[in-house]
Amino acid sequence: MASLFSRERILGQSKRDSNGPVMNGTNSLRYSSSAAATTTTTTLDPLPSPFGDLTPTLSPTDLRETAYEIFVAACRTSTGKPLTYIPNNASSYTPDRSSQSPSLSGSPSQRSITSTAASKMKKALGLRSSSSAGSPGSAGSGAGSGGKVKKTVMTVGELMRIQMRISEAADSRVRRALLRISAGQVGKRVELMVLPLELLQQFKSSDFTDQQEYATWQKRNLKMLEAGLLLHPHIPLPPSNTSSQRLKQIIHNALEKTIETGRNNESMQVLRSAVTTLSNRSTDGQTESCHWADGFPLNLRIYEILLEAIFDLNDESSIIEEVDEVMELVKKTWGILGINQMLHNICFTWILFNRFVGSGQMDNDLLYAADCQLVEVAKDAKTTKDANYAKILNETLSEILGWAEKRLLAYHDTFDKGNINSMQREEGRMMTWQKSRTDTYIRSSLRTAFAQIMEKADSIRRASRNQPNPLPVLAILAKDIGELATKEKKMFSPILKRWHPLAAGVAVATLHVCYGNELKQFISGITELTPDAVQILRAADKLEKDLVQIAVEDSVDSDDGGKAIIREMPPFEAEAAIANLVKGWTKLRLDRLKEWIDRNLQQEVWNPRANQEGYAPSAVEVLRIIDETLDAFFNLPIPMHPALLPDLVLGLDRCLQYYSNKVKSGCGSRNTYIPALPALTRCTTETKFHGVFKKKEKTTTLQRRNSQVSTTNDNTLGVPQLCVRGPTCSPIEPFLQELEQNLTVIADNVQHERVRTRLVAEVMKASFEGLLLVLLGGGPTRCFTIQDSRGIEDDFKAIKDLFFANGDGLSMDVINKFSIVVRDVIPLFGMETDAVVERFRRLTLEAYGSSAKSRLPLPATTGQWSSNDPNTLLRVLCYRNDDSASKFLKKTYNLPKKI
């Protein structure tokens, strides 16, 4: 990490713009206080702070003024001696301010500054001394001075006030407040006080001549409490914390409307109670400090502002001579802010580096100092596992590394023939590069150069698009990339090879991948082999050969003979590209076929009686499209038909399956064909008839849906309507004859034996279900005697014989498998009425328990017919032409004789 700064000095020599406002680390305008000398404005363009953005809660000015208050508080109480206040009436600098400035007996911030020698810290960091004429601690020669420089003597505290651009009035106010606080809390350390709260209690609106200034001052302290205790607390607050909710409301109301502050004030007592509860929270059970400004990242932003004060206001890339003394005092704020040496090292590193960036990368001393400080950070990182430290370190280094590498990652934009020699002269510094980082810089810079060339090639294409036969952009790009690779090999690779043995190989491998990505994207957007596609593929093939040749030559002396680099260059030969094009072509054809299937099946109405051919026109059309697709495939100008044919055949097969499934789904659901069951009634015993299927007198249509468009059609799929016959009189033969005719239609139209067998089995299954529906759901006109059971069994046998067809139809095993339910239910029709009633009672009691003893509940219709189903037994009784059955149904359920 430390080596990055040395590298940056090689590449970061951009010019500094000397016109414009001076900016600090928070992107706010830098300005000196009224007491400070006029500063020279320069342009700083620093990086955003890695410690987080606290706006709009706290402005840079809010943070700076609070940081100064913390600084003064920490310094004034550092000795533990009584505080004494000496009024200050002076308004300008004098040769000796030490006796006139607000002072604190024994406070180190009031030590006079007399030394002009370079500090130990600056020597250790290799920083230059600031100009004596520009130092805020000195004044230039004037009239009567005899041309000699007359030194202005001031305290460290006064210097810090000027450096932080704090007015004398504000400084006097905070010092006066601290004297009052210490008088009431003798011996209490500053770490045990919530400073904004204490300040609010020391001053009232009458203490300010400007009420707007008072309102601004009050809101700043309230917002600081909000930031420290609610928004960025030292210990995370649970959402349900009542103290935090109370404080939030108090602060919200106070920010909306100014409250009266002061010690003996009810509103301040309420505020103090809420603040104290939150600030005294501690994870270790100890309350040796009040946690109000030591939460991340608030504490780091405040400390960052304090560290900024070590830079000279007149020369913002220079550190003041008194940095040792100032830094000594700044560190006294650690107890309040929760800062330690490791966090200080991170912050100080960031400040130095950011100032280097802000100087326009002109002051390499700052970069060297940051590099030295980063060595200390590296030591710290090895000795701690603190999660907060790790996060801050990661964010800080990410900002630094991101900026430094941004320039190295595009060295093609930094160096050319005119300054390539300066790159060679930096050999000593570049020796510190790690191979892995050099590898990253090569790849990134080549990617950037590739993007620029691509944009140029696209401009050429747009300019020539109205000309005949314009050159495809990827063909132009391939030519330009080849030239870039040659330039890289001759100009940059010899230098970079000192730190990366395969510099040229990495470069061409990067270009190979970049172009390959564009080539793949181009291929994915076309559906056929056009002349442009052929031209691009040829240009790509030539480029690939040139790049591979450079990689091979560069890796002759490598340990693996260049295998690793070659593996990074997956080939994009014409054959593979053509194969991808054909796959795209295949997908497009299959998608179109699928769309045609959807569209055609929505329009087609098919009836085998109306279509003399006996098949649907859509089936013929689907096969025709498949045949045309195969012909077009074999006419493609490609050499690998056998290798690509399986994918096409698989896709066509899936389309056929899709067509079949769509036709099947168009038939509708099973429930579409089954009429609703009529209400239960008792049998009318005056009417008596035999058999199940009778000659057609009145029909109840079992609606069937058209197989394609799901609309009712009298002769859907060539199977005429099956009807539930009304009661007149002799036999099932007419029904069987109709059924046999439709089975013949199936046999004639379905050629595949397995499909035909399955379809006939489904028809047989539906026939058995229909038989049960007639027996158990025929309505009030359905009446059976016990003697009818033999006729029912004969009808059942007749249906089975039809499908058995003397051994030419379905096997008896299949017939028995599908007729289990019928064989279980039919014997109920020959059972004595009392036996049926008794079974019904027993099964109902078993199903409903003791609650059914007093009154048998009406069992629900499940549709799962069975001799052990109470509803099935009830329906047998409903259709039983028997007085006992009728009386039982009337007494138990009061069923009517008709609907």
Side-chain angles (χ1 to χ4, degrees), residues 1-14 361 364 367 371 400-454 477 480-517 543-570:
M1 203 37 229
S3 62
L4 289 176
F5 302 117
S6 299
R7 287 174 278 174
E8 188 49 45
R9 273 180 274 178
I10 301 171
L11 303 179
Q13 304 299 323
S14 60
Q361 304 92 56
N364 286 333
L367 187 62
D371 201 8
I400 295 175
L401 181 63
W403 182 90
E405 290 196 328
K406 185 184 296 183
R407 321 189 81 74
L408 293 172
L409 294 174
Y411 60 79
H412 284 84
D413 293 337
T414 306
F415 296 103
D416 53 27
K417 292 182 178 179
N419 64 359
I420 191 66
N421 291 331
S422 64
M423 184 179 182
Q424 293 174 328
R425 286 195 298 268
E426 299 292 341
E427 177 180 353
R429 294 174 181 172
M430 295 181 72
M431 283 296 289
T432 62
W433 287 25
Q434 297 178 358
K435 176 182 175 181
S436 61
R437 303 311 304 164
T438 308
D439 185 278
T440 300
Y441 304 144
I442 294 173
R443 295 179 189 277
S444 175
S445 189
L446 265 299
R447 292 189 192 103
T448 301
F450 176 86
Q452 295 169 349
I453 292 176
M454 186 173 178
L477 185 62
D480 292 342
I481 293 302
E483 294 175 354
L484 175 62
T486 301
K487 176 183 177 182
E488 181 76 14
K489 176 186 175 182
K490 293 180 178 179
M491 182 181 296
F492 295 107
S493 295
I495 299 174
L496 297 173
K497 197 174 181 66
R498 298 168 185 168
W499 301 278
H500 197 303
L502 299 176
V506 169
V508 296
T510 302
L511 293 175
H512 186 279
V513 171
C514 289
Y515 186 84
N517 290 336
L543 172 63
E544 182 174 46
K545 292 178 179 177
D546 293 342
L547 296 180
V548 170
Q549 181 63 30
I550 293 175
V552 171
E553 293 175 354
D554 188 56
S555 57
V556 171
D557 299 329
S558 64
D559 296 337
D560 65 349
K563 293 181 180 179
I565 290 297
I566 297 300
R567 281 195 294 268
E568 292 186 30
M569 305 169 68

Asker: Only counting residues at least two apart or in another chain, list the ones meeting side chain to side chain contact (heavy atoms under 4.5 Å, CB included) with Q549.
Answerer: E553
Asker: Nearest 0.5 Å please: distance from the CD1 atom of I550 over to the NZ atom of K545.
Answerer: 15.0 Å
Asker: Supply the atom-to-atom distance S555 OG to K563 NZ, rounded to the nearest 0.5 angstrom.
Answerer: 11.0 Å
Asker: From I442 CD1 over to W499 CH2, what is the distance, rounded to the nearest 0.5 angstrom?
Answerer: 10.5 Å
Asker: Who passes side chain to side chain contact (heavy atoms under 4.5 Å, CB included) against A564, sequence neighbours left out?
Answerer: D560, R567
Asker: Measure the OH-CG distance between Y441 and L496 for me, rounded to the nearest 0.5 Å.
Answerer: 12.0 Å
Asker: If the threshold is 4.0 Å, N to carboxylate O, is there a salt bridge linking D554 and K497?
Answerer: yes
Asker: Distance check, rounded to the nearest 0.5 Å: L511 atom CG versus L484 atom CG?
Answerer: 5.0 Å
Asker: Run the side chain to side chain contact (heavy atoms under 4.5 Å, CB included) test against K490 and tell me which residues pass, sequence neighbours left out.
Answerer: T486
Asker: Looking only at heavy atoms, which two atoms of G482 and L543 are closest? And how far apart?
Answerer: N-CD1, 3.7 Å
Asker: Run the numbers on D413 and Q452 for side-chain contact (heavy atoms from CB on, under 4.5 Å), then give the verdict.
Answerer: CA-CA 10 Å; D413 293 337; Q452 295 169 349; 3.2 Å; yes
Asker: Using the side chain to side chain donor-acceptor pair (under 3.5 Å) criterion, which residues pair with D480? Sequence neighbours excluded.
Answerer: none
Asker: State the CD-OG1 distance between E568 and T510, to the nearest 0.5 angstrom.
Answerer: 7.0 Å
Asker: Taking all atoms of both residues into account, what is the closest heavy-atom pair of L547 and A485, and its distance?
Answerer: CD2-CB, 3.7 Å
Asker: Residues two or more places apart in sequence or in another chain: which of them pass side chain to side chain donor-acceptor pair (under 3.5 Å) with S445?
Answerer: H412
Asker: Apply side-chain contact (heavy atoms from CB on, under 4.5 Å) to residues R498 and T438 and explain how you reach the verdict.
Answerer: CA-CA 10 Å; R498 298 168 185 168; T438 308; over 6 Å; no
Asker: Determine the minimum heavy-atom distance between P570 and E544, stating which atoms define it.
Answerer: O-OE2, 4.0 Å
Asker: Tell me, please, which residues at least two apart from A551 pass side chain to side chain contact (heavy atoms under 4.5 Å, CB included).
Answerer: V508, I565, I566, M569
Asker: List the steps and the verdict of side-chain contact (heavy atoms from CB on, under 4.5 Å) for H500 and L502.
Answerer: CA-CA 5 Å; H500 197 303; L502 299 176; 3.9 Å; yes
